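For reference, the structure discussed in these notes is given below.
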Amino acid sequence: MNLFADIRALVLTSLDALVADGVLPDGLSRQAIAVEPPRDAAHGDMATNAAMVLAKPAKMNPRAIAEALAAKLADDPRIGSAEVAGPGFLNMRIETGVWAGVLKAALTDAGFGRSSLGQGKKLMVEYVSANPTGPLHVGHTRGAVFGDALASLLEFASYDVTREYYINDGGAQVDVLARSVYLRYLEAHGQDVAFEDGTYPGDYLIPVGKALKDKVGDAYLDKGEQFWLQEVREFATAAMMDLIRADLAAVGIRMDNFYSEKSLYGTGRIEDAIQTLDQKGLIYQGTLEPPKGKLPEDWEPREQTLFKSTAYGDDVDRPVKKSDGAWTYFAPDIAYHYDKVERGFDELIDVFGADHGGYVKRMKAAVAALSDEKVPLDIKLAQLVKLYKNGEPFKMSKRAGTFITLRDLVDQVGSDVTRFHMLTRKNDAPLDFDFDKVTEQSKDNPVFYVQYAHARINSVLRKAGVDVSDATLAAADLGTLTHAAELKVAKTIAEWPRLVEIAAKGHEPHRIAFYLYDLASDFHALWNRGNEDVSLRFLQEGDNATTQAKIALIRAVQVVLAQGLGILGVTPAEEMR
RNA sequence: GGUCCGUUAGCUCAGCUGGAUAGAGCGCUGCCCUCCGAAGGCAGAGGCCAGAGGUUCGAAUCCUCUACGGACCGCCA
């Protein structure tokens, strides 16, 4: 149940009644009518802007509409009062019994909080998609966690979600990987090797070189690239993908599918995709203008095969073939997205790293062209993560092989902390990650604060001494929950379904994290009230009925916390240690 | 030169897609532990929402310009 949606529906039927009464003209758009919690709790529980939205098209005074609407609304048993305020706001107070209904729904309705927004539509979230050349590092981790939480959020909102990883195993970087592994292979045979520019010096390739030796023995020794490059490339890529899969598992990520770029080559898929664009008149031979501002030193104009992405909002047309006739990296990406469209996805989401910002417009243009603008593609950029230790910035150097990996994070602070913290910021804002602060066990640390709330509720349940099954709690008389601090908690719970919908619509999982913090905060506040006011303690000795009502309230909090943490991929702690 | 993102309290950040007197944490000030868990709690001070125009009943939110910070910008992925 979504109380805000219910009340909005009530507002709409009340408007129908006003139309029937001849008070309001018919046929007005109701799109913009919203029912929201007012900023200031003194204004009531819910507010609607209906009168102000309708005033202009109806050519009526907003306050007059509001007055008429208020009279209709007041007839509903759920509405305690409806008052006109300001320029035409309508503030409503909800009968306290309604909140009890929300709590019961949270306890007994497995679908509580879920949204029907997605209506079972097929949606793909493509995320991580890191080059298969090494372990995942911090930057990847943010995109991975973000994409995963977004996918879970959309599942919770009734989308049929596929999580997919695009393996860039077709380009030159895989040759570099193969050569680097070959060096480690030689090393495993006791040779001295030097890692020059254009090779990957990281230690993580040592075991891969050994494994290669175990597999092929000395077969590749003293042989030219033509004898081993292809085999080593495949061997190395497979090894890297195993590594990456394990990295992902360490933060609780399981992909539904891994899609290989290489699998597109030699199958005619790329040609098909480009031809599809060509048939729409979007492919031509041409020469690009040099980029303005800083001029590349070796710039010379060359004729290339270009995609007319400017027809779909890009700034310049983009090459799909190099001047030597080979595909650019963009071409297989077009084919890959064409494949997504052909697989029947209704919506697509790509999660990219911040360094791919310049890539967004052309990819959107390609998908728009390939799907005749029928399949929306949203591209979310995961901004940079700045690492700190003891408040000091942490320098990473990829060249020296001293970059911080996903494993470093998980080993030091754990998966839960890593995930939650990375989701406490909008994806498009840079994120600070301080190794010391994120593991601090105090209120300053949202991860701890939210998990602590969950664990604290567990502690009460253990000590309750009454039947605390959800069915029993839901059947309890919740009419005894009348204190403002208790109702505050119930109201926050009532906002949960609405928040899920907002977060899902905006593809913004960070809203879940902030909501959970607010809910935990309301709960902790209520708990602390019990320190001064004995009647607010959850366990009322000798009064099982009241105890059960209070426990119903906090158990509902726990249910929502668990749902929310589940979306974020964070374990709800049973107890704190 | 262009594109994208950002700019909100001393600091770190939210702000529900245009609503009422802009919120939270930290820090600061003042109170509060015999009490279901004080690894805190309650209250208070603190704002020209970067700046200037515009759109309208109404703007932190939408549009234009400017300033500052970051990312990116042909045959690398």
Side-chain angles (χ1 to χ4, degrees), chain A residues 4 32 34 36-40 42-43 47 49 52-53 55-56 62 85-89 91 131 133 168 170-174 176 261 287-296 298-302 304 306 314-316 318-319 321-326 328-330 332-333 353-361 381 383-384 424-430 432 434 437 440-446 448-449 452 455-456 459-460 463-464 495 498-499 501-503 505-506 508 510-511 513-515 517-518 521 524-525 527-532 534 536-541 547 550 575-576:
Chain A
F4 289 87
E36 308 175 315
R39 273 216 180 109
D40 188 343
H43 290 137
N49 60 357
M52 284 179 290
V53 170
K56 197 170 187 184
F89 280 103
N91 294 327
N131 287 343
T133 54
N168 287 109
Q173 79 282 3
V174 189
V176 174
E261 175 194 355
T287 307
L288 287 174
E289 295 288 313
K292 289 173 183 164
K294 61 158 196 181
L295 286 165
D298 57 345
W299 172 269
E300 41 183 292
R302 287 182 185 160
Q304 296 175 288
L306 300 171
D314 203 355
D315 309 307
V316 290
R318 305 290 177 176
K321 268 189 184 176
K322 303 175 196 171
S323 51
D324 65 3
T328 62
Y329 57 89
F330 187 34
D333 285 355
D355 53 343
H356 283 59
Y359 204 54
V360 170
K361 282 189 177 180
L381 298 179
Q383 273 295 340
L384 300 178
T424 53
R425 193 106 319 159
K426 287 181 292 199
N427 60 289
D428 46 13
D432 291 347
D434 189 312
K437 278 190 187 162
E440 199 173 289
Q441 301 213 332
S442 76
K443 192 184 170 180
D444 313 357
N445 185 352
F448 169 78
Y449 199 60
Y452 184 33
R456 236 180 178 181
S459 157
V460 176
K463 292 180 183 171
E495 283 188 44
R498 181 170 175 273
L499 184 105
E501 198 150 308
I502 290 165
K505 255 183 208 163
E508 296 172 325
H510 75 276
R511 288 186 190 274
F514 281 96
Y515 170 84
Y517 183 81
D518 285 344
S521 175
H524 287 306
W527 176 297
N528 290 313
R529 286 292 190 99
N531 290 330
E532 296 152 16
V534 178
L536 286 177
R537 296 187 186 178
F538 305 132
L539 304 183
Q540 297 288 321
E541 214 166 326
T547 298
K550 290 181 186 301
E575 56 184 332
M576 305 302 287

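Predicted model, so just to flag it, every value in this text is computed and none were measured. Below, chains carry the letters A, B, ... as their sequence lines are ordered, and counting in each starts from 1.
In this structure, of B/U12, B/U17, B/A77, it is B/U12 that holds the atom nearest to the side chain of A/D432. When the nucleotides B/C5, B/C75, B/A77 are ranked by their closest atom to the side chain of A/Q173, B/A77 comes out on top. Nearest nucleotide to the A/L288 side chain, out of B/A20, B/G74, B/G41: B/G74. For A/D355, the side-chain atoms get nearest to B/C72 when compared with the rest of B/G19, B/C72, B/U3. Across B/G19, B/C13, B/C35, the shortest atom-to-atom separation from the side chain of A/F514 is found for B/C13. Of the candidates B/C5, B/C75, B/A20, B/C75 carries the atom nearest the A/Y329 side chain, counting heavy atoms from C-beta on. When distances run from any side-chain atom of A/D428 to the nucleotides B/G19, B/C5, B/C75, the shortest one goes to B/C5. Each of B/G70, B/C36, B/A20 was ranked by its minimum atom distance to the side chain of A/F89; first place goes to B/A20. Side-chain proximity of A/A429 to B/A77, B/A20, B/A14: nearest is B/A14. Counting only heavy atoms from C-beta on, A/E508 has its side chain closest to B/U17 among B/U17, B/C36, B/C75.
B/A60 is unpaired under the criterion used here, namely a Watson-Crick or G-U wobble arrangement in which both key atom distances are under 3.5 Å. As the counterpart of B/G30, B/C42 is assigned, both hydrogen-bonding distances of the Watson-Crick or G-U wobble pattern falling under 3.5 Å. When Watson-Crick and G-U wobble pairs are counted only if both distances are under 3.5 Å, B/C48 pairs with no nucleotide at all. Pair check for B/U21 finds none; no Watson-Crick or G-U wobble contact set falls under 3.5 Å. In this structure B/A9 sits in no base pair that meets the Watson-Crick or G-U test at under 3.5 Å. Across all strands shown, nothing is found opposite B/C35 as a Watson-Crick or G-U wobble partner with both distances under 3.5 Å. Figure legend. B/U55 is base-paired to no nucleotide; pairs are counted as Watson-Crick or G-U wobble with both atom distances under 3.5 Å. B/G1: Watson-Crick or G-U partner is B/C73, with both key distances under 3.5 Å.
Counting any heavy atom pair closer than 4.0 Å across all strands shown, A/A32 reaches no nucleic acid atom. Nucleic acid contact for A/N91: base, since at least one base atom lies under 4.0 Å from a heavy atom of the residue. Counting any heavy atom pair closer than 4.0 Å across all strands shown, A/E495 reaches no nucleic acid atom. Residue A/N131 is in sugar-phosphate contact alone, with no base atom involved, counting any heavy-atom pair closer than 4.0 Å across all strands shown. Counting any heavy atom pair closer than 4.0 Å across all strands shown, A/A55 reaches no nucleic acid atom.
Although no hydrogens or angles enter the test, the distance criterion places no donor-acceptor pair under 3.5 Å between the side chain of A/Q383 and the main chain of A/G353. The backbone N or O of A/Q540 sits less than 3.5 Å from a side-chain atom of A/T547, completing a donor-acceptor pair.
Distance noted for atom P between B/U55 and B/U61: 15 Å (whole Å). Comparing the P positions of B/A60 and B/G54 gives a spacing of 15 Å, expressed to the nearest Å. Only the P atoms considered, B/C16 is 25 Å distant from B/G53, to the nearest whole Å. For the C1' atoms, the distance from B/U12 to B/G2 is 32 Å, rounded to whole Å. As rounded to the nearest Å, B/A9 and B/G46 have P atoms that lie 15 Å from one another. Across B/A52 and B/U17, the matching C1' atoms stand 25 Å from one another, rounded to whole Å. Taking atom P in both B/G30 and B/G69, the straight-line distance is 40 Å, to the nearest Å. B/G23 and B/G40 have their P atoms separated by 26 Å, given to the nearest Å.
At a cut-off of 3.5 angstrom, the base of B/C75 holds at least one donor-acceptor pair with the side chain of A/R302. If you check distances only, the side chain of A/N528 never reaches the base of B/A38 with a donor-acceptor pair under 3.5 Å.
With centroids closer than 5.5 Å and planes inclined by less than 30 degrees as the test, A/Y517 and the base of B/A24 fail to qualify as a stacked pair.
Within the structure, a side-chain polar atom (N or O) of A/K322 is placed less than 4.0 Å from OP1 or OP2 of B/C76. Regarding contacts with the backbone of B/G15, a side-chain N or O of A/H510 is found under 4.0 angstrom from either OP1 or OP2. Checking the phosphate oxygens (OP1, OP2) of B/A38, a side-chain nitrogen or oxygen of A/R456 falls inside 4.0 Å. Applying the 4.0 Å criterion to OP1 and OP2 of B/U56, one finds that A/K56 has every side-chain N and O outside that range. Contact check, A/K361 against B/C4: a side-chain N or O comes under 4.0 Å of OP1 or OP2. For B/C73, the OP1/OP2 oxygens have no side-chain nitrogen or oxygen of A/R318 closer than 4.0 Å. A close approach under 4.0 Å does not occur between any side-chain nitrogen or oxygen of A/K426 and OP1 or OP2 of B/C16. Residue A/R425 has a polar side-chain atom (N or O) positioned under 4.0 Å from OP1 or OP2 of B/C13. Contact annotation: A/W527 reaches the phosphate of B/A38 (side-chain N/O to OP1 or OP2, under 4.0 Å).
What separates CG of A/L306 from P of B/C75 is a distance of 12 Å, to the nearest Å. Atom CG of A/L539 is separated from atom C1' of B/C35 by 13 Å (rounded to the nearest Å). A straight line from CG of A/L384 to P of B/G70 spans 11 Å, rounded to a whole angstrom. In this structure, A/H356 atom NE2 and B/A77 atom C1' are separated by 7 Å, rounded to whole Å. Distance A/D314 CG to B/C4 C1': 12 Å, rounded to the nearest Å.
Each of A/E36 and A/H43 lies near RNA chain B, and the nucleotide nearest A/E36 is the one positioned closer to the 5' end. Comparing A/G170 and A/G86, the nucleotide of RNA chain B nearest to each residue sits closer to the 5' end for A/G86.
Between A/F514 and A/H510, the two ring planes are perpendicular [angle over 60°; tilted spans 30° to 60°]. Classified by interplanar angle (parallel below 30°, tilted 30° to 60°, perpendicular above 60°), the ring pair A/Y517/A/Y449 is tilted. Below 30°, between 30° and 60°, or above 60°: for A/Y359 and A/Y329 the angle between ring planes is between 30° and 60°, a tilted geometry.
Around CZ of A/R529, the count of heavy atoms belonging to other residues, nucleotides or ligands within 6.0 Å does not exceed 12.
Annotated as anti: B/U55, whose glycosidic dihedral deviates from 0 by more than 90°. Classification of B/C33 as syn follows from a glycosidic angle within 90° of 0.
Taking the ring axis of A/F330 as reference, the NZ or CZ atom of A/R318 does not stay both within 45° of it and closer than 6.0 Å to the ring centre.
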